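First the structure, in the form of C-alpha cells, and then the observations on it.
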Amino acid sequence: MDNWNIQSRAVVCEACSRPFADREAFHTLLFDEHAENLRRMDVCEACWQSQFSDGARERKGFISHWQGVYEAPAPAVDAIQKDTAETLLRKLIEQKDPRYVPAGYILAVMLERKRVLKVKEEVVRDGKRVFIYEQPGTGDIFTITDPALRLDQLETVQRDVAALLEGGLNPPAPQPAGEGPAPVPENQPIVQN
Ligand SMILES: [Zn+2]
C-alpha cells in the first residue's frame, strides 16, 4: 500500500452528485477496498440516511464514518503563504519520495499537537499503523503510515524536519553528469528528401 496520501473534501455529494452548500452538514465514509489506499467518500445527509445509515456497517463496506460541515472554498488570496509545517507536509506527500516518510510522520504529529490536524481514525493495514488525519479548515484527509521509528532514529528525523522547516524542500537534484540526454543512436537511417 501507499505510505501516505491526501484526499480532498468533495464539492458534490458522491452518491447523488448534488453540490454541497456552504455550512451544509455532510458525512464522510472511509472504505477499505484492499486497494492501494483507503477510499474517502463524501455524501449528503439525505444519501447517508437512505443508503448508508441503516443496517450493518460491514454490509455497506465502510470501516469508518464521521459527520462534517461543508465550507465553501476560501478565496484564493489565502493560498499565498510561506512554508509552514502543513504546506511542507503537503509538498512531501506530493513528492512521493519514501525517504521523507519518517519526516512526514513527525510533521503530522506536530500538526496534531498544534491542533492543525485532527485524528479521525487509526487503522492497521498490512501490519502497519495508519492514521487518518483531517484538516478541519479545508476538509482534506491526510492518510499517514506510522513508520515505526526506533528511538535512535527519532533524533535524526527530528533534525531533518527542523532543517526542512528552516530551509524548505529543495527541488530535485539535477541529473549527475553522464546521465544527460540519451546519446544519439548510431547507424541512423539517412532521411531522403
Ligand atoms: Zn446525496
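Here the structure is a predicted model, which is why all the values come from computation and not from measurement. The figures here come from the full heavy-atom set of this structure, side chains too, leaving out hydrogens, waters and symmetry mates.
Rounding to the nearest 0.5 Å gives a distance of 6.0 Å between CZ of Phe20 and CZ of Phe26. A distance of 9.0 Å separates CZ of Arg39 from CG of Leu29, quoted to the nearest 0.5 Å. One finds the CD atom of Glu155 at 12.5 Å from the CG atom of Leu149 (value rounded to the nearest 0.5 Å).
Relative orientation of the Phe52 and Phe62 rings is perpendicular, given thresholds of 30° and 60° on the angle between their planes. Taking the six-membered ring for Trp and thresholds of 30 and 60 degrees, Phe131 and Tyr105 have ring planes inclined between 30 and 60 degrees apart.
Annotation for Lys118: atom NZ does not count as buried by contact number, only 12 or fewer foreign heavy atoms lying within 6.0 Å. The neighbour count for Glu166 CD, taken as heavy atoms of other residues, nucleotides or ligands under 6.0 Å away, does not exceed 12.
Qualifying side-chain hydrogen bond (donor to acceptor under 3.5 Å, both in side chains) partners for Asp32, counting only residues two or more places apart in sequence or in other chains: Arg125. Residues passing the side-chain hydrogen bond (donor to acceptor under 3.5 Å, both in side chains) test with Arg23: none are found, sequence neighbours excluded.
Salt-bridge check for Asp97 with Arg99: passed, with a basic side-chain N closer than 4.0 Å to an acidic carboxylate O.
Taking every heavy atom of both residues into account, Gln7 and Arg40 meet most closely at O-NH1, 2.9 Å.
Residue pairs satisfying the salt bridge (Lys or Arg N to Asp or Glu O under 4.0 Å) criterion with at least one member in residues 129-147, sequence neighbours excluded, are listed as follows: Arg90-Asp140, Lys120-Glu134, Glu122-Arg129, Arg129-Asp146.
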